[in-house]
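Keep in mind the model is a prediction, meaning the values are calculated, not measured. In what follows, chains are A, B, ... by sequence order, proteins preceding strands, each numbered from 1.
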Amino acid sequence: MSPSIVVILSLLAFALLMLIPFVPGIIEFSKPKDNKPVVINMDYSKDARYFGKSFRKMVLNNSTYNQPMGEETIRLSKNRDEGIRFAMDVEMKAGESESELLYVTDNLHAGNKSRFLKEVYVKGDCKIEENVYMRALACDGAFEAEKGLRVVRWLDVEKGIVLKGRADLGMSTTTAGRLQLFTDVRFSRLYGNPVCVGDVQVKKLPNLPEPLSYFPQQRIDSISSVALHTKNMMVKPLQRVETDVIASGKITVSQGATIMGSIKAHGPIRIRDGAVIAGNCFGNSDIEIEKGARVGGNVFCQGKLTLGPGVVIGKPGSVKSAVARVGMVMHEGVVIFGYVLAEGGGETRV
Amino acid sequence: MDASMGSVLNIPAAGQKDKIYYGRAYRKLPRISRLHAFIMLLFVLVIEVLIFVFRRYLTYISAYGAWYVARVIEAGPGLAQVNFMYTRIFAVDNMAVYPTAEFAFINLFISIVVLALLPKVQRIGAPIAYWLFYAFIVHLVSSAFFVFVPQYFPYSILEITALYMEVELVTWMLIPPIVLGSVFLYPVSMLGKAALILATLGYSFVFGTVRLAVFLFVLHYGSVIFMAVLFFVFGSLVDFIYIVGFYSVYITGVAHSLAGRRDVWKWLS
Amino acid sequence: MEVVVLILKAIMFFIIAVMLIYAMRHYLFTFNRLMGDQKLYYQDIIDNDLPRVTVLVPMHNEEAVARDVLTVLMKSDYPLDKLEIIPINDHSDDKTAEIINEVAGLYPENIHPLHRNKGLRGKPAALNDAMAEATGQVILVFDADYLPGKGLVRDLAVCFKDPEVGAVMGRVIPINSPKNMLTRLLDMERAGGYQVDQQARYNLGLVPQYGGTVGGFRRIVAQQLGGFDPSVLTEDTELTFKLFVRGWKVVYANSMECYEESPEEWDVRARQIKRWATGHTQTMLRFFSPMMHSKQLTWKEKVDGALLLWIYLIPILIVIGVFDGLALFFLGRMTLVEGLAFFIFVVAYNSFGNFAPFYEIGAGSLLDGSQDRMKLLPFFLFNFAFNTWVISLGSARGIFSRITGRCVQWQKTVRYRTKDARVTEVDEKDTPTNPPKKPESPVPETKS
């Protein structure tokens with residue numbers, strides 16, 4: 001082979017070896033399979049009761065049926081056509097199972113160990129006996145369940161929920177009214193006005209002081225100008241702090257102390273018996289709020305949140321949130337005005 | 001009519017996004033098992049040991065391959081050995097061809113003209129223009145060197161190919177940890193990761209050999225005035241291309257394989 | 001001669017060491033984002049007591065996009081009695097002023113235009129003037145090419161319930177990614193930079209960066225700390241460090257996503273990153289020492305803050321490294337380490353800053369659910385020379401402006417939106433609802 005041919009072939013081989021790593025990219029660029037922008041839901045708007053509202057809308061928009069009883073097929077989403085059964089009063093006997101979507105125009109009574117394998121929409125009230133299994137339920141009336149209820153996905157009720165015992169509430173349980181839980185309930189998201197554990201008399205709650213403005217107007221040089229900013233903070237019993245408290249370590253608010261602002265700690269937060277935080281409570285670690293303590297604002301916790309007996313978050317007429325990333329335990333007597341989210345799972349205890 | 005904000009804004013819908021079950025903001029992957037980590041680290045260690053043990057033979061194969069191709073050069077290049085890493089590795093020796101003063105001056109002139117004209121040439125894409133800019137800066141320095149102080153040029157062909165083989169050998173040793181580092185965390189088959197490392201390594205070996213042969217041709221037919229460009233533009237700098245190229249194909253495969261795996265994805269912690 | 005060689009080698013070793021530190025930093029970020037515990041942003045807080053918010057939209061010759069951003073902002077679910085929007089017409093000589101006035105006429109209670117026809121030009125000066133007129137406790141900023149979704153204002157504003165939060169930053173997603181190779185690369189770079197880099201810094205308690213758009217800050221704090229310096233080209237980086245040095249935190253909201261238009265031409269991109277480099281370097285020169293001496297930052301924040309501040313000087317180091325290598329080469333003192341340096345340069349170069357390394361981009365794209373775009377990763381090599389040179393020029397300009405005290409001119413980024421993508425009106429009857437992030441929706445639906 002002549003030298004010039006060898007040289008040319010070598011150069012071609014070199015060029016080819018340089019080019020080969022680009023070939024998949026060249027193909028993807030010339031015949032794109034994945035070039036669209038990542039989709040943002042432009043209509044996203046926070047709503048704790050999204051599941052229930054969305055389901056109701058889907059059923060009501062897609063159903064053309066106008067008889068109180070019967071069946072039809074409705075399109076619930078792009079890829080899902082479902083048969084739906086319409087009924088007036090429904091009395092599910094013990095151990096019975098319903099495998100279709102169910103639309104109840106009046107009341108629903110579910111006997112022991114009955115099972116609802118698809119979504120249910122009840123226009124009236126719901127009375128649920130022990131150990132009932134349901135996938136998801138929307139109810140325009142009131143909802144009451146005995147122990148052993150298991151919800152796989154969600155439960156949304158207009159006029160209040162009472163769960164009388166052990167329950168597993170799936171991903172979301174919400175109501176425009178009062179959400180009353182008892183012990184041994186597992187949950188992820190709760191929303192109620194209020195959410196309470198046990199038989200709590202909300203009207204008897206004493207008034208909370210108005211929190212400080214979290215946008216102060218005074219001269220500001222650093223964060224210490226507007227907040228008590230320390231490493232670890234121990235607020236003494238019955239002490240009253242008239243500012244926000246921020247700690248790079250832990251915060252302990254002793255018995256009966258009052259903080260007029262908000263608190264934030266990068267370490268654990270402990271709010272002892274009867275202490276009051278007028279503002280919000282933010283923790284990058286665990287937060288423990290003990291018996292009878294109150295937080296007027298939101299509680300947000302990157303760790304585990306423990307709410308002792310009689311803890312109150314928010315106040316009547318307000319909507320506040322208790323959010324815990326790792327998990328949440330609520331004891332009897334806890335009242336939360338608004339939204340509860342336990343990403344790692346939550347439970348109620350005596 | 002769907003009158004959501006997205007549709008009104010004419011935002012195109014992305015495809016293939018419906019196979020992962022948690023919101024993208026906080027979804028994550030599980031940690032790989034300790035056994036998985038141990039085996040992969042052991043695999044890389046074994047590769048490193050093998051490269052070290054056979055370093056002399058690897059350089060021999062590569063240098064021989066380059067020599068075999070480049071032996072058509074009239075001057076007749078030969079294999080040579082140099083000390084490196086406690087052994088004698090192989091390189092290629094040849095008679096160095098030096099540029100004449102005229103040739104060096106022409107190269108200097110061309111470099112200056114290209115550098116002056118590059119900003120005015122709109123047709124070349126900016127990234128390519130900047131690469132050319134870099135290459136011609138290097139060549140400008142090299143040409144200037146051979147115009148003004150050619151007697152001080154410090155390298156023989158053997159010295160530069162020896163340096164090339166040393167860099168190649170260490171690059172081969174760096175590839176396994178770099179490639180493993182980029183894919184170590186994915187909870188997918190260990191065989192795939194091992195294959196990626198071996199494929200990248202194999203490609204590097206072939207690429208390095210062919211490149212050395214091309215270097216020998218360029219240095220012979222073009223003279224050592226091109227040595228700087230070869231080293232600084234087409235040297236270890238371009239080894240990055242195939243490392244990322246193989247990684248890109250691999251990660252695409254990982255994305256496809258994990259997309260439908262509901263059991264794999266985690267949320268928050 | 002030996003001394004010269006020694007110095008050259010010392011410089012080379014130093015540059016390689018710096019590169020490796022940055023590469024390791026980004027490997028740590030990738031590891032954390034892929035497998036570490038993810039820190040939640042505050043979007044799950046539902047509170048009926050929200051602060052008054054002023055949204056600032058700086059505009060200079062933004063006729064192509066001005067109407068869109070104002071229209072979508074008025075579709076926000078934020079309580080209208082607590083929402084003020086100030087579009088800032090900053091010396092525009094196109095139809096921006098007319099468009100702003102026209103849209104403001106439709107919403108006189110909420111949109112209060114600010115027309116600036118004299119005084120200093122540029123975003124920092126415009127923001128200062130607008131802040132002086134703003135009534136909101138919280139300021140949110142959107143550049144004119146951004147398209148904020150319905151719930152974005154609420155979710156960004158709610159974080160200021162945390163008394164330590166000084167500023168918030170959301171995630172930027174290019175809307176024009178299919179356009180050409182540049183937009184596709186920028187789209188992936190954004191995925192690495194936000195999905196991985198910013199979230200990891202938030203997870204690790206480091207220094208997430210306020211990016212000047214899709215974000216906001218406390219008005220009183222920003223004003224009392226002196227507002228924005230009109231001579232600094234990156235007011236966002238300046239505010240980030242101003243806040244950190246004084247004890248406030250910047251939080252990153254990975255779920256708060258907003259579309260932007262990324263540059264579609266390389267020269268536009270060059271101007272953009274040159275401006276970033278200049279401004280970032282100005283900020284570095286101003287805040288490096290105060291940051292290191294601040295008692296408000298942890299040692300982790302100081303290390304990350306320092307690495308963040310120095311990031312735009314890395315290309316200058318690479319340029320120095322190239323010439324250092326050339327000098328060693330022609331002195332006949334090129335050895336293995338210097339030979340390998342260029343390999344390390346490239347691997348490590350692709351391991352810093354906004355310009356995320358290949359494994360970070362791969363991880364970000366994977367987490368986003370992308371499946372084929374990663375094949376374009378090798379094309380990032382073409383950015384090497386481009387970014388190195390452009391950023392070096394920008395950083396050098398920043399140093400020069402600091403030394404000479406000369407003010408650097410603000411340069412506007414070109415917009416590409418066409419009329420057929422213009423927002424006209426959004427139908428109210430299609431009531432939007434939010435799909436919560438984690439759980440499944442009532443029926444199987446597209447997850448994104």
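- To the nearest 0.5 Å, the span separating CG on C/N176 from OG on C/S262 amounts to 4.0 Å.
- Considering only residues two or more places apart in sequence or on other chains, C/Y42 meets the ring-ring contact (aromatic ring centres under 6.0 Å, His included) condition with A/F282, A/F300.
- The backbone N or O of C/V172 sits nowhere less than 3.5 Å from a side-chain atom of C/E260 that would complete a donor-acceptor pair.
- Of the atoms belonging to C/P174, it is backbone heavy atoms, and not side-chain ones, that fall under 4.5 Å from chain A.
- Contacts between C/K295 and chain A at a heavy-atom distance below 4.5 Å are absent for every atom of the residue.
- The NE2 atom of A/H229 lies 6.5 Å from the OG atom of A/S248; values are rounded to the nearest 0.5 Å.
- Proximity to chain C is limited to the side chain of A/Q302, based on heavy atoms less than 4.5 angstrom apart.
- Among the candidates C/K242, C/R184, C/K375, the residue making the largest number of heavy-atom pairs closer than 4.5 Å to chain A is C/R184.
- Interface remark: of the candidates C/I45, C/I173, C/D77, C/I45 forms the most heavy-atom pairs closer than 4.5 Å to chain A.
- Residue with the most contacts toward chain A among C/M188, C/K179, C/M181: C/M181 (heavy-atom pairs, distance under 4.5 Å).
- Contacts of A/D221 with chain C are made by backbone atoms alone, with heavy-atom separations under 4.5 Å and no side-chain atom involved.
- The most heavy-atom pairs under 4.5 Å with chain A, out of C/L377, C/V221, C/L40, C/L152, come from C/L40.
- For A/K304, the NZ atom counts as loosely surrounded, since its 6.0 Å shell holds 12 or fewer non-hydrogen atoms of other residues, nucleotides or ligands.
- Note: C/R246 leads C/R246, C/E257, C/M374, C/Q296 in heavy-atom pairs under 4.5 Å with chain A.
- Of the N and O atoms on the side chains of C/T183 and C/N180, at least one donor lies less than 3.5 Å from an acceptor on the other residue.
- For A/S225, the side-chain hydrogen bond (donor to acceptor under 3.5 Å, both in side chains) criterion is met by no residue, not counting sequence neighbours.
- One distance of note links CG of A/L137 with CD of A/E119; it measures 10.0 Å at 0.5 Å rounding.
- For a residue to count as touching a neighbouring chain, one of its non-hydrogen atoms must lie under 4.5 Å from one of that chain's; by this rule C/Q223 does not touch chain A.
- Note on A/A136, A/A227, A/A138, A/S318: by heavy-atom pairs under 4.5 Å with chain C, the leading option is A/S318.
- Heavy atoms closer than 4.5 Å to chain A are found nowhere in C/Y78, neither backbone nor side chain.
- Side-chain atoms of C/R373 come within 3.5 Å of backbone N or O of A/K36 as a donor-acceptor pair.
- At a 4.5 Å heavy-atom cutoff, the contact between A/I26 and chain C is made by backbone and side-chain atoms alike.
- Considering only heavy-atom pairs separated by less than 4.5 Å from chain A, the leading option among C/S294, C/G151, C/P163 is C/P163.
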